[in-house]
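Below you'll find the structure, written out as structure tokens, and then a few comments.
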Amino acid sequence: MRRCFLLTNLLILLCQLPCRAQETAGDSVVGSEYTFFMQARGQEITGICMVSQSPDGQTTGTIVNEFGVKAFDFIISKGKVKIINVIKPLDRWYIRKVLKKDFGFAFQHIREGKDISVGKRRITFRENGDIAIDNDRYNIHYVFTPITASNETDQ
């Protein structure tokens, strides 16, 4: 049941990605899928995060909740982060600003694969494979869990 749910959401997510990368003979796009958890001020968003990285260094991603509703898209290119297609409860300039900085920090350091702390933000790679990002200034916690074939079990 869970596997069917995840596959359905991934299919929906693929149809909603804002940027379509074209592959040529020497180029390839690297994709990653994560279950996503975000907690801020007693509120939670959970779902799936689908990320693709193109050879030119651009990172494109989408956050979709369990019901298939897209929370927001993000594009990271040349150190600049854009947050687009944001759902109404999150569509405030100050929330966008924090999301830009947190996702820029997260995906810059996820590639490095080591724990790091910069200012009030920190990323921790846990033994179980989870990637935890904490923004201590605003008390926001994110957890990215890579989706692998072993995670998808029928229940």
Side-chain angles (χ1 to χ4, degrees), residues 2-23 29-113 116-126 129-148 151-152:
R2 181 176 179 196
R3 182 176 181 199
C4 181
F5 170 73
L6 287 173
L7 291 174
T8 303
N9 277 331
L10 287 175
L11 180 62
I12 292 169
L13 187 63
L14 283 173
C15 295
Q16 295 177 349
L17 281 176
C19 184
R20 308 283 190 263
Q22 295 186 3
E23 294 186 29
V29 176
V30 178
S32 304
E33 298 89 22
Y34 303 93
T35 58
F36 175 77
F37 173 81
M38 176 181 158
Q39 182 180 31
R41 298 185 182 186
Q43 303 298 315
E44 297 177 356
I45 296 175
T46 58
I48 296 174
C49 176
M50 183 111 165
V51 180
S52 65
Q53 294 178 321
S54 62
D56 64 355
Q58 180 170 311
T59 302
T60 305
T62 302
I63 304 286
V64 178
N65 73 6
E66 285 91 357
F67 297 107
V69 176
K70 183 176 11 174
F72 58 89
D73 298 322
F74 60 92
I75 299 171
I76 304 169
S77 180
K78 298 178 184 172
K80 302 231 180 206
V81 181
K82 289 183 186 176
I83 303 291
I84 54 177
N85 302 325
V86 183
I87 59 173
K88 193 166 181 113
L90 298 177
D91 197 11
R92 308 280 190 275
W93 69 267
Y94 48 89
I95 294 174
R96 283 176 177 251
K97 183 178 176 181
V98 171
L99 288 173
K100 278 183 183 182
K101 289 184 179 181
D102 288 348
F103 275 77
F105 172 78
F107 286 99
Q108 174 187 0
H109 296 292
I110 281 177
R111 288 184 230 139
E112 294 174 9
I116 192 165
S117 181
V118 177
K120 299 270 184 176
R121 290 179 176 86
R122 108 181 133 265
I123 186 167
T124 308
F125 292 85
R126 299 179 181 162
D130 290 355
I131 304 164
I133 293 105
D134 296 304
N135 180 332
D136 293 332
R137 180 173 184 184
Y138 297 105
N139 198 25
I140 303 172
H141 308 286
Y142 308 87
V143 178
F144 294 89
T145 304
I147 298 175
T148 61
N151 286 358
E152 299 175 8

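Values in this document were obtained by computation on a predicted structure and should not be read as measured data. Reckoned from all heavy atoms, side chains included, excluding hydrogens, waters and symmetry mates.
- Around atom CZ of Arg41, no more than 12 heavy atoms belonging to other residues, nucleotides or ligands sit under 6.0 Å away.
- Annotation for Arg137 and Lys120: closest pair N-CB, 3.8 Å, computed over non-hydrogen atoms.
- At a threshold of 4.5 Å between non-hydrogen side-chain atoms, the residues Asn139 and His141 count as touching.
- Rounding to the nearest 0.5 angstrom, the gap separating the CD atom in Glu33 from the CD1 atom in Ile48 is 9.0 Å.
- Using a 4.5 Å heavy-atom cutoff, the side chains of Tyr34 and Ile131 are in contact.
- A heavy-atom distance below 4.5 Å is not found between the side chains of Ile63 and Met38.
- Ile133 contributes atom CD1, which lies 8.5 Å from atom OH of Tyr142 (distance to the nearest 0.5 angstrom).
- In this structure a side-chain-to-backbone donor-acceptor pair under 3.5 Å is missing from Asp134 to Asp136.
- Within the model, atoms CZ of Arg111 and CD of Gln53 stand 4.5 Å from one another, a figure rounded to the nearest 0.5 Å.
- Atom CZ of Phe36 and atom CD1 of Ile147 lie 12.5 Å apart (nearest 0.5 Å).
- Annotation: the span from Thr59 atom OG1 to Ile76 atom CD1 amounts to 5.0 Å, rounded to 0.5 Å.
- With hydrogens and angles ignored, the 3.5 Å screen pairs a side-chain donor or acceptor of Arg96 with a backbone N or O of Ile83.
- Phe74 and Thr62 make their closest contact through CE2-N, 4.0 Å (heavy atoms, listed as atom of the first residue, atom of the second, distance).
- Between Val81 and Gly104, the shortest heavy-atom distance links the atoms CG2-CA, 3.6 Å.
- At a threshold of 4.5 Å between non-hydrogen side-chain atoms, the residues Ile110 and Val51 do not count as touching.
- The heavy-atom pair separating Gln58 from Asp56 by the smallest distance is N-OD1, 3.2 Å.
- Contact between Gly47 and Glu66 at its shortest, heavy atoms only, is N-OE2, 3.8 Å.
- A heavy-atom distance below 4.5 Å is not found between the side chains of Glu112 and Ile123.
- Nearest heavy-atom pair, Phe125 versus His109, reported as atom, atom and distance to 0.1 Å: CZ-O, 3.8 Å.
- Of the residues listed (Asn85, Ile87, Leu99, Ile84), the one engaging Phe72 in a side-chain contact (heavy atoms from CB on, under 4.5 Å) is Leu99, and it is the only one.
- Going from atom CZ of Phe37 over to atom SG of Cys49 covers 15.0 Å, rounded to the nearest 0.5 Å.
- Residue Gln43 places its CD atom among 12 or fewer non-hydrogen atoms of other residues, nucleotides or ligands, all under 6.0 Å distant.
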